[in-house]
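Here the structure is a predicted model, which means the values were calculated and not measured. Counting from 1, the numbers follow the sequence of the chain as shown.
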Amino acid sequence: KIFMNTLKYLQSNEFLLDVDLWRLFANLEELNEISLSFLKTFFETVKEHVSKSESPTDFSSILRKFFQGDLCQTHQIYCLNYTSAVFYLENLRQREDFGIYLKQWCEQNEQCKRLHLPELLVAPLHRLTRYPLLLSNIWRRSTDETEKDFIWSLKEKVEKSIRDLEGKVKWLDNFQKFRQLQEVIIWPQVWDRDKRFFVPECLKQSLRENSSENILSSANRLLLHEGRLTIAESTRLLDVYLFLFDDFLLITKTKRNKKKYGGSDTGLIPVCPSLTPELQSFIREGGFCTVLDQPIPLDRLILKNVDPVHVTVFSLRNAFLIQHENRYRQCIAVFLLQAQTETAKKTWMSQIETAISNYTTQHETKKSTAFCFPAESSEI
């Protein structure tokens, strides 16, 4: 609340006017009011019961009023905005004027207890997950069977609400992650990637319309693993960045181009906080990834370990082989990859093997389900 009220005060004096209060704090003010009202009502009831030992505790009406009212709903609204708020905050923290607001105006306040804004923004999420524990404790100490049944059913509803919310938050988090990847990953046209293909200028526009970038537009796709590796070519070693999704593997070349984001100050580039620190740092440095070859579907990917014998003969350290086959089981591409350490190599191979196994199992299940038709009529 200190951060929010301070920002309101500064904006009333025409400072930081471009900072969006809702994007940063969402409905935090409403959430604080409802949470405080719930706590006051709850403790007043407890206090009254303690002072008058013979008076019955009317927890049911309190719990019904708040948990079937606005308490959970306001938490859900806040939690759904949380990921984008952290994303927005990471962008704002790069600014000098916003840094002064955080450090000199807010963090030095004694009421903050040396906590920073990211730590305070996550507090309502933690509070929501503790409500089922509170309801369990009340249920355990209740003596009225009718009240116990009501509290237990309420606890189950709150837990279901949290599970549903987790699914929505993960979906939004994944959506923002893939939106950032769409900005970072560049898909060159086929005639730029392979000089064997000649396309006249008059036909290039029609081919550009079928953009490969749409592959990353599905929010249902999952990024399982990613990181830097080295690929061995005939005359050189090339730094590459691999993205392992739940249905294909993408190999890209890393490049740095500060002009890509419209200026030389790459520190202001907004970075999705759910990406790995390595990729976040790479994006802030103005880096981007150019697709080296077409995506490799997991059901067309063959993974092979490089025998240690070849380490001394060909100086291949921590190496493994990826083979891309077409639908006719013909090899159409081979990539010799090297990791920085043996541990990193084992991690990559394990991640790819697991992804292939899960993909195969999932599609076999879909096929078996598709063939389970209802029984035909005897008249057919």
Side-chain angles (χ1 to χ4, degrees), residues 20 22-24 26-27 72 75-93 118 121-122 124-126 128-129 159-187 211-228 241-252 254 261 269-284 287-289 291 294-299 301 347-348 350-363 365-366:
D20 191 332
W22 173 266
R23 287 184 66 186
L24 196 57
N27 63 332
C72 286
H75 271 90
Q76 286 192 354
I77 294 170
Y78 179 84
C79 293
L80 287 172
N81 186 73
Y82 171 74
T83 304
S84 58
V86 174
F87 195 4
Y88 186 50
L89 175 62
E90 285 299 312
N91 187 22
L92 292 171
R93 287 174 71 179
L121 285 176
V122 78
L125 278 72
H126 294 160
L128 177 62
T129 58
E159 287 176 338
K160 183 181 183 300
S161 175
I162 293 173
R163 287 195 299 270
D164 293 342
L165 180 63
E166 286 175 348
K168 293 175 183 177
V169 170
K170 286 179 181 178
W171 187 92
L172 283 172
D173 183 58
N174 199 47
F175 174 79
Q176 290 185 338
K177 183 189 296 183
F178 273 77
R179 188 169 61 180
Q180 178 102 68
L181 291 177
Q182 282 183 292
E183 297 174 359
V184 173
I185 298 174
I186 296 175
W187 299 76
S211 176
S212 301
E213 296 175 15
N214 294 330
I215 293 176
L216 299 179
S217 63
S218 172
N220 295 323
R221 181 171 283 114
L222 298 176
L223 178 61
L224 305 177
H225 193 60
E226 36 104 352
R228 294 177 189 265
Y241 204 96
L242 270 65
F243 297 90
L244 176 63
F245 300 95
D246 58 346
D247 57 346
F248 69 85
L249 177 71
L250 190 64
I251 303 176
T252 67
T254 56
Y261 289 91
I269 297 172
V271 179
C272 180
S274 60
L275 295 173
T276 61
E278 182 183 19
L279 189 56
Q280 288 187 42
S281 175
F282 176 68
I283 294 171
R284 287 198 181 96
F288 62 97
C289 303
V291 175
Q294 59 183 299
I296 308 175
L298 295 185
D299 59 341
L301 190 153
T347 301
W348 265 107
S350 173
Q351 289 281 351
I352 294 173
E353 287 171 349
T354 304
I356 292 173
S357 175
N358 292 340
Y359 180 84
T360 305
T361 304
Q362 183 181 0
H363 280 260
T365 304
K366 285 183 178 180

Shortest non-hydrogen contact between [X] and [Y], atoms and distance:
X: W348; Y: G227; result: CZ2-N, 3.5 Å
X: T252; Y: V291; result: CG2-CA, 4.0 Å
X: L250; Y: P295; result: CD1-CG, 4.0 Å

What distance separates [X] [atom1] from [Y] [atom2], expressed to the nearest 0.5 Å?
X: K170; Y: K177; atom1: NZ; atom2: NZ; answer: 11.5 Å
X: L224; Y: N358; atom1: CG; atom2: CG; answer: 8.0 Å
X: I251; Y: Q294; atom1: CD1; atom2: CD; answer: 10.5 Å
X: Q362; Y: D247; atom1: CD; atom2: CG; answer: 9.0 Å
X: L165; Y: L125; atom1: CG; atom2: CG; answer: 7.5 Å
X: E183; Y: L216; atom1: CD; atom2: CG; answer: 11.5 Å

Does [X] reach the side chain of [Y], with side-chain heavy atoms less than 4.5 Å apart?
X: L298; Y: L244; answer: yes
X: H75; Y: I162; answer: no
X: L301; Y: I356; answer: yes

With [X] via salt bridge (charged side-chain N to carboxylate O under 4.0 Å, His left out) - residues at least two apart:
X: R93; value: E90
X: R23; value: none
X: E353; value: none

Steps toward side-chain contact (heavy atoms from CB on, under 4.5 Å) verdict (L223, F245): CA-CA 4 Å; L223 178 61; F245 300 95; 3.7 Å; yes
Listed by chain and number, what are the side chain to side chain contact (heavy atoms under 4.5 Å, CB included) partners of [X], not counting sequence neighbours?
X: Q280; value: V271, L275, R284
X: D164; value: K160
X: D299; value: P297, Y359
X: S350; value: T354

Residue pairs passing the side chain to side chain donor-acceptor pair (under 3.5 Å) test where at least one lies in residues 76-88, sequence neighbours excluded: Q76-S161, N81-S84
Side-chain donor or acceptor of Q180 paired with backbone N/O of C272 under 3.5 Å: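 Flag set: sc Q180 to bb C272 pair under 3.5 Å.
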Sidechain-backbone polar pair: T361 side chain, S357 backbone, donor-acceptor under 3.5 Å: yes
Residue list, side chain to side chain donor-acceptor pair (under 3.5 Å) with [X], at least two apart or on another chain:
X: S274; answer: D173
X: R228; answer: E278
X: N27; answer: none
X: E166; answer: none

Parallel, tilted or perpendicular: rings of Y241 and F282 (30°, 60°):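 Ring orientation of F282 relative to Y241: parallel.
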